Structure formats: structure tokens, C-alpha cells
Peer 1: 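Quick one: structure below, then a few questions.
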Amino acid sequence: MPELPEVETIRRSLVDKVKGRRIQGVEILLPRLIKWPSAYEFQALVTGKTILQLDRKGKYLILRLEDNMTLVIHLRMTGRLYFVTNDDKTDRFTHIIFDLGDGAKLLYADTRTLGTLYAMPESELWRIAGLASMGPEPLTQEFSHAYFRGLLAGRKGRIKALLLNQKLIGGLGNIYVDEALAIAGIDPDRLACSLNDEEAALLYEAVNQVIYDGIHHGGTSFRDYRDGEGKSGSHQNYLAVYGRKGQPCRRCGAPIERKEVAGRGTHYCPNCQR
DNA sequence: CCGTCCTCCTGGCCGC
DNA sequence: TGCGGCCAGGAGGACG
């Protein structure tokens, strides 16, 4: 499940490969993945355009094309983006093929087909609500300690739900939220407004730390995630709690447990997190 | 406005 | 061994 560190790793692995290349054609094998405009219009808008830059905002990848056109991709659960220079790597999960010329292709593959693609002029990006309403990302100036404290004040929902809310903080998903809460020693079931100053400070630091470490390790390859060259990340080897049900807590040795919080499978140490 | 629940989707895993 | 059932979870929409 690509979260901010995984999407950033994909961006870094692709940017130099696609920059300056012209999209010669687009083959759309699964049209329903195109959310705006129609698949036919999408094809017309991006074909013939040169890729000027590859940006990321939260979990969205944004290809900046010439003439202020943008191609936006959200990988959701199992989306993958590969750069290839031969045809060998297409399989039945390859749904959209961007021909970049000279045998080079950018492949969009997705086993569960929940991913979404959009094409529109930069001035119309407001159409993508999740992009337009995204909150500040960890490791940015905008995501200040004061901002984070402000989020917690008076909020009755669970802290896990708050961290997952992209309108409040951009880029966190289930893995990194569980990890941040584990590092900060906070029970995911706690109400956001119940955190004291010390806990809030610990959690703020933990959120930044897990995102930093995740990027540093090239992402977490727990199931499907690979970077733009098909390489796995290594952060799965450093996880504190996610996917470690029954295994000993790295801090106290107690078995990691799993429960449902905010409708999500949640891993935590019952001893360290309170 | 806010929180909760449902929906989408399919490979993989579990139990019978 | 086969197969039904369920789980994984990001995000948008319905609903109270």
C-alpha cells in the first residue's frame, strides 16, 4: 500500500527517466481507471505532450506536461508504475501503457484496479478534491508542531483516525500511522483531544521520523509495493508493529496485538502503548 | 461540521 | 484438493 514514502521513492526512481520524454501514445486497457475526463479525452490531452517534471503531493503523483497539462495518478492500494525499455514486463495487470518513444514505456499496473488517473490543465486541478483539500505533509515547514497541536485540540475522534485523515495531514496511511503511534507509545484508540503536551510532542516527532525513515529505506515492501524500476524497499525490516502480530515488541518483548480501530486493522504493543 | 459506515476491487489465505 | 468466505485499506459518498 503506497503511502508518502513509497510514492516519493517511486517519484525519485522515475523522474530522471521520464523527464524530457514525449508521450507518443497511450493504450488504455481498463478505461474505468480514468476518472477525469473520459478515457478518450484523457488520451487526446496527454498524447504528443512532453513530460517536463514529475512531482508528488501526499500520495498523488503529478506529471507536469507541456502546455500546462497535468497527468495525475493515485496508486491507491496496489497500483504500480514502471519504466521499461522492452515489452517483456507487461502482464495481465498492466492496464495503461504510455509509449515514451525509442522502445521506452511507462506502465500502470494494478492488481485490484482501485487506482485512479486524471488529465487536466494545471488550472483545473481543483477538480481532484483529495488533492485540492490535502493537509500539510510531514517534514515540511507547514506541518509545524503548533499546527499539529491545533489539530488535537477539541477533537473527539480517535487519534488514529486523525492521523489517517488526508485533509489534516497529507501522506500517512495505515502502516506509518501504526508505526508513529508505536514509537510515541500511544494507544491508537485514544481520543485525539486526550493527548497531553508531552504525548503530542512525542507523536509529532514520531510522525516525522517514520516518514523520514520510510523514504530513507526506499519504502515498505509489505505486499505489492515496488519502485519505478521494480525494486523492493527495505523499511519492512525496521517496522515496530505493523504486520508483526504475535511477534515480540522490540522494546519490551510483549507480543504485538492486532485490533480494529477507526475501521482499520491496527497493530500495537499493549504494554508500551497507553 | 463531524464521525461512522459502506463501497469499490481481487489475490491470497484460512478452514472445512 | 477444492472451494466458499473473508481480509487487505485509500478515499469518496451516504447518512445521522
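Only a predicted model underlies this, so the values are computations on that prediction, with no experimental measurement involved.
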Peer 1: Just how far, in rounded Å, is P of dT10(B) from CG of Asp110(A)?
Peer 2: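 That distance rounds to 10 Å.
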
Peer 1: Has the side chain of Thr78(A) got a donor or acceptor atom that lies under 3.5 Å from a matching backbone atom of Arg112(A)?
Peer 2: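 Yes.
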
Peer 1: Between dC7(C) atom P and Tyr242(A) atom OH, what is the distance in whole Å?
Peer 2: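 Going from Tyr242(A) (OH) to dC7(C) (P), I get 14 Å.
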
Peer 1: Has Lys231(A) got more than 12 heavy atoms of other residues, nucleotides or ligands less than 6.0 Å from its NZ?
Peer 2: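 Check fails, neighbour count at 12 or below.
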
Peer 1: Whole Å only: how far is the CD atom of Glu260(A) from the P atom of dC6(B)?
Peer 2: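 In whole Å, dC6(B) P lies 10 Å from Glu260(A) CD.
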
Peer 1: Can a salt bridge be assigned to the pair Arg264(A) and Asp178(A) using a cut-off of 4.0 Å between side-chain N and carboxylate O?
Peer 2: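 No, Arg264(A) and Asp178(A) are not salt-bridged.
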
Peer 1: From His217(A) NE2 over to Ser232(A) OG, what is the distance, rounded to the nearest 0.5 angstrom?
Peer 2: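 The distance works out to 14.5 Å.
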
Peer 1: Return the 5'-most residue of the pair Lys167(A), Thr266(A) with respect to DNA chain C, ranking by each residue's nearest nucleotide.
Peer 2: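 Its nearest nucleotide being more 5', the pick is Thr266(A).
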
Peer 1: Any side-chain N or O of His74(A) below 4.0 angstrom from OP1/OP2 of dG10(C)?
Peer 2: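 Result: no.
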
Peer 1: Report yes or no: is the cationic atom of Lys105(A) (NZ for Lys, CZ for Arg) closer than 6.0 Å to the six-membered ring centre of Phe83(A), at no more than 45° off its axis?
Peer 2: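 Output no; distance or angle outside limits.
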
Peer 1: What's the CD-P distance between Glu179(A) and dG9(C), to the nearest Å?
Peer 2: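 Atom CD in Glu179(A) sits about 13 Å away from atom P in dG9(C).
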
Peer 1: Using a strict cut-off of less than 4.0 Å between a Lys/Arg side-chain nitrogen and an Asp/Glu carboxylate oxygen, indicate whether Arg190(A) and Glu199(A) qualify as a salt bridge.
Peer 2: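 Result for this pair is yes, salt bridge flagged.
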
Peer 1: Polar pairs (N or O, both sides) under 3.5 Å between protein and nucleotides 1-5 of chain B?
Peer 2:
none

Peer 1: Return the nearest nucleotide to the side chain of Tyr60(A); candidates are dG10(C), dG12(C), dC9(B).
Peer 2: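 Shortest atom-to-atom distance from the side chain points to dG12(C).
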
Peer 1: Going from CD1 on Ile28(A) to OG on Ser38(A), what distance comes out if it is rounded to the nearest 0.5 angstrom?
Peer 2: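 Output value for this atom pair is 8.5 Å.
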
Peer 1: If the cut-off is 4.0 Å, is Lys35(A) near the phosphate of dG12(C), judged by side-chain N/O to OP1 or OP2?
Peer 2: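 No, because none of the side-chain N or O atoms of Lys35(A) sits under 4.0 Å from OP1 or OP2 of dG12(C).
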
Peer 1: When you look at Ile159(A) and Leu203(A), which way does the side-chain contact (heavy atoms from CB on, under 4.5 Å) test go after all the steps?
Peer 2: CA-CA 10 Å; Ile159(A) 186 63; Leu203(A) 184 55; 3.7 Å; yes

Peer 1: Find the distance between CG (Leu54(A)) and CG (Asp16(A)) and round it off to the nearest 0.5 Å.
Peer 2: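 With rounding to 0.5 Å, CG (Leu54(A)) is 10.0 Å from CG (Asp16(A)).
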
Peer 1: If you check the Arg32(A) side chain, which of dC9(B), dG9(C), dA11(C) turns out closest?
Peer 2: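 The closest nucleotide is dC9(B).
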
Peer 1: Take atom NZ of Lys259(A) and atom P of dG9(C), then tell me their distance rounded to the nearest Å.
Peer 2: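 The distance from NZ of Lys259(A) to P of dG9(C) comes to 16 Å, rounded to the nearest Å.
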
Peer 1: Please determine whether salt bridge (Lys or Arg N to Asp or Glu O under 4.0 Å) holds for the pair Lys17(A) and Glu229(A), giving the CA-CA distance in whole Å, both sets of side-chain angles, and the decisive distance to 0.1 Å.
Peer 2: CA-CA 10 Å; Lys17(A) 292 184 160 64; Glu229(A) 298 174 309; 2.6 Å; yes

Peer 1: Would you say the side-chain atoms of Glu3(A) pair up with the backbone N or O of Gly173(A), donor to acceptor, closer than 3.5 Å?
Peer 2: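 Side chain of Glu3(A) to backbone of Gly173(A): a pair is present.
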
Peer 1: Checking all strands, does Leu164(A) fall into the base, sugar-phosphate, or nothing category for heavy-atom contacts under 4.0 angstrom?
Peer 2: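 Since only primed, P, OP1 and OP2 atoms lie under 4.0 Å of Leu164(A), the category is sugar-phosphate.
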
Peer 1: Expressed in angstrom and rounded to an integer, what is the separation of Glu3(A) atom CD from dA11(C) atom P?
Peer 2: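 Nearest whole value for this atom pair: 9 Å.
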
Peer 1: Could you tell me, to 10°, how much the axis swings from one end of the helix from dC2(B)-dG16(C) to dC16(B)-dG2(C) to the other, five pairs per end?
Peer 2: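 Angle reported: 50°, given to the nearest ten degrees.
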
Peer 1: Using a 4.0 Å heavy-atom cut-off across all strands, classify Met77(A) as base, sugar-phosphate, or nothing.
Peer 2: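 Base: the residue Met77(A), judged by heavy atoms under 4.0 Å, touches a nucleobase.
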
Peer 1: So, does Gln166(A) get its side chain near the phosphate of dA11(C), meaning an N or O under 4.0 Å from OP1 or OP2?
Peer 2: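 Yes, Gln166(A) has a side-chain N/O under 4.0 Å of OP1/OP2 on dA11(C).
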
Peer 1: Considering only nitrogen or oxygen atoms on both sides, find all protein atoms under 3.5 Å from nucleotides 11-14 of chain B and state each distance.
Peer 2:
residue	atom	partner	partner atom	Å
dG11(B)	OP1	Arg92(A)	NH1	3.3
dG11(B)	OP1	Arg92(A)	NH2	3.2

Peer 1: Could you check how far CZ of Arg76(A) sits from P of dA11(C), rounded to whole Å?
Peer 2: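 Checked: the CZ to P distance equals 6 Å.
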
Peer 1: Could you tell me how far apart Leu33(A) (CG) and dG12(C) (P) are, to the nearest whole angstrom?
Peer 2: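 After rounding, the gap between these two atoms is 16 Å.
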
Peer 1: May I ask you to decide whether Asp227(A) forms a salt bridge with Arg12(A), counting only side-chain N to carboxylate O separations under 4.0 Å?
Peer 2: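 Judged by the 4.0 Å cut-off on N to carboxylate O distance, Asp227(A) and Arg12(A) do not form a salt bridge.
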
